[in-house]
Amino acid sequence: MTDVSQRARDLLGRLLHGHGVVARITEVEAYGGIDDPASHAFVRTPRSEIMYGPPWRLYVYRIHGHHAANVVTGPTERAAAVLIRAGEIVEGIDVARERRGPVADEALARGPGNLTKALGITSLDLGTDLLDPEPVSLGERVESPEIAAGPRVGVRLNADLPWRFWVAGDPTVSTYRRHPRA
DNA sequence: TTCTGGATGCTT
DNA sequence: AGCATCCAGAAT
C-alpha cells in the first residue's frame, strides 16, 4: 500500500518546475486528509475541495500572508496531500534571486512560503495539473536520497506524528519549530 | 459582521 | 521569544 507518507518520501529528490525556475525537492510533509486532524481536508470545505479531486494537482493555500504549495496525492476518497517545504534551486537561479531578494542561495527556497515565492507560485496556480509541463509541473527524480523523518512543523494537532521528511544533511532544509500550543 | 487561529518568516 | 500579517472558517 502506498500511503501518503510513502508518496511524500517519493517526492524527495524530484524536480519541481515553476515559472522559469526549477527546484530539487529536499523537504516535504504528508497530510493524511480525512484521518488527519492537522490536514485542511479533515473538514471538507470549499478550500479543501481540491484535495478530494484527482491526484497530481496543485493545492495552493495562503497563510500568514504567504503561499504554500501541496501535491494532491490521492487516493481520491482519502483527500491526502503533500506539502512542499523546501528545495534547492537548480535552474533559473537568477530569477529566483530576483524574486527573493538578498538571501543566501541555500535559503532561496527554504520554507514553504519562500519556496513558492522563488518559484513564482501563487493562488493563480491552484488546481494546476502537475503532469502538464506548464505553468507548474513535477519533473524526474534526480537522486534517491538518504531520508530523515520527524514531526511536522508548526502543527498543533497530531504534533508528534513523524510525517515530515527531508534529505539528510541537506543545507536547504528548514529548521524544526514546534507549535507553541502543541 | 466580527472573531479566532494558524501547514510562516524575519527580527530581537 | 516576539511580531507583522491576512484569510478561511466559525460564531454571532
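Note that these values count all heavy atoms, side chains included, but never hydrogens, waters or copies made by symmetry. Every chain is numbered from 1, with letters handed out A, B, ... down the list of sequences. Treat the numbers as computed from the prediction; the structure is a model and nothing was measured.
Only at 4.0 angstrom or more do the heavy atoms of residues 173-182 of chain A sit from any atom of DNA chain C, so none qualifies. Annotation: proximity of residues 94-113 of chain A to DNA chain B (heavy atom, distance under 4.0 Å) is found for A:Arg100, A:Gly111, A:Pro112, A:Gly113, numbered in ascending order. The stretch residues 17-29 of chain A has no heavy atom under 4.0 angstrom from DNA chain B at all.
Nearest heavy atoms, A:Met51 versus A:Ala81: SD-CB, 3.6 Å. Closest of all the heavy-atom pairs between A:Ile34 and A:Tyr52 is CG2-OH, 3.6 Å. Of all heavy-atom pairs spanning A:Ala68 and A:Asn70, the tightest one is O-ND2, 3.6 Å.
A side chain to side chain contact (heavy atoms under 4.5 Å, CB included) with A:Arg24 holds for exactly one of A:Val90, A:Leu12, A:Leu16, A:Ile89; it is A:Val90. If you run side chain to side chain contact (heavy atoms under 4.5 Å, CB included) between A:Thr122 and each of A:Arg62, A:His67, A:Lys117, only A:His67 comes through.
Contact check for A:Trp163 versus A:Val4: side-chain heavy atoms found under the 4.5 Å cut-off. Between A:Val60 and A:Leu58 the shortest side-chain heavy-atom distance falls below 4.5 Å. The shortest side-chain heavy-atom distance between A:Asn114 and A:Arg100 falls under the 4.5 Å cut-off. Residues A:Thr76 and A:Pro54 have side chains not in contact (no heavy-atom distance under 4.5 Å, counting atoms from C-beta outward). With contacts defined as side-chain heavy-atom distances shorter than 4.5 Å, the pair A:Val28/A:Val71 does not qualify. You'll find the side chain of A:Val43 stays beyond 4.5 Å of the side chain of A:Ser48, heavy atoms only. No side-chain heavy atom of A:Val167 sits under 4.5 Å from any side-chain heavy atom of A:Ile147.
A donor-acceptor pair shorter than 3.5 Å can be found between the side chains of A:His19 and A:Asp125.
Ion pairing between A:Asp160 and A:Arg178 holds under the 4.0 Å rule for side-chain N and carboxylate O. Contact check on A:Arg152 versus A:Asp36 returns a salt bridge, with a Lys/Arg side-chain nitrogen under 4.0 Å from an Asp/Glu carboxylate oxygen. Looking at A:Asp105 and A:Arg97, a side-chain N of the basic residue comes within less than 4.0 Å of a carboxylate O on the acidic one, giving a salt bridge. In this structure, A:Arg7 does not pair ionically with A:Asp10, as no charged nitrogen and carboxylate oxygen lie closer than 4.0 Å.
A:Arg152 comes within 4.0 angstrom of nothing in the nucleic acid, heavy atoms only. Base contact: A:Asn70 has a heavy atom under 4.0 Å from a base atom. Residue-level contact check: A:Ala68 touches neither bases nor backbone, having no heavy atom under 4.0 Å from any strand.
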Please, what dot-bracket string fits DNA chain B when only Watson-Crick and G-U pairs with both distances under 3.5 Å count, crossing ones use [ ] and pairs to another strand use |?
||||||.||||.

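Between chain A and DNA chain C, the heavy-atom contact criterion of under 4.0 Å yields a 5' to 3' nucleotide range of C:dT5 to C:dA10. Read 5' to 3', the first and last nucleotides of DNA chain B with an atom closer than 4.0 Å to a heavy atom of chain A are B:dG6 to B:dC10.
A:Trp166 and A:Val82 fall into different hydrophobic clusters, defined by Ile, Leu, Val, Met, Phe, Trp and Tyr side-chain heavy atoms under 4.5 Å apart, directly or through other members.
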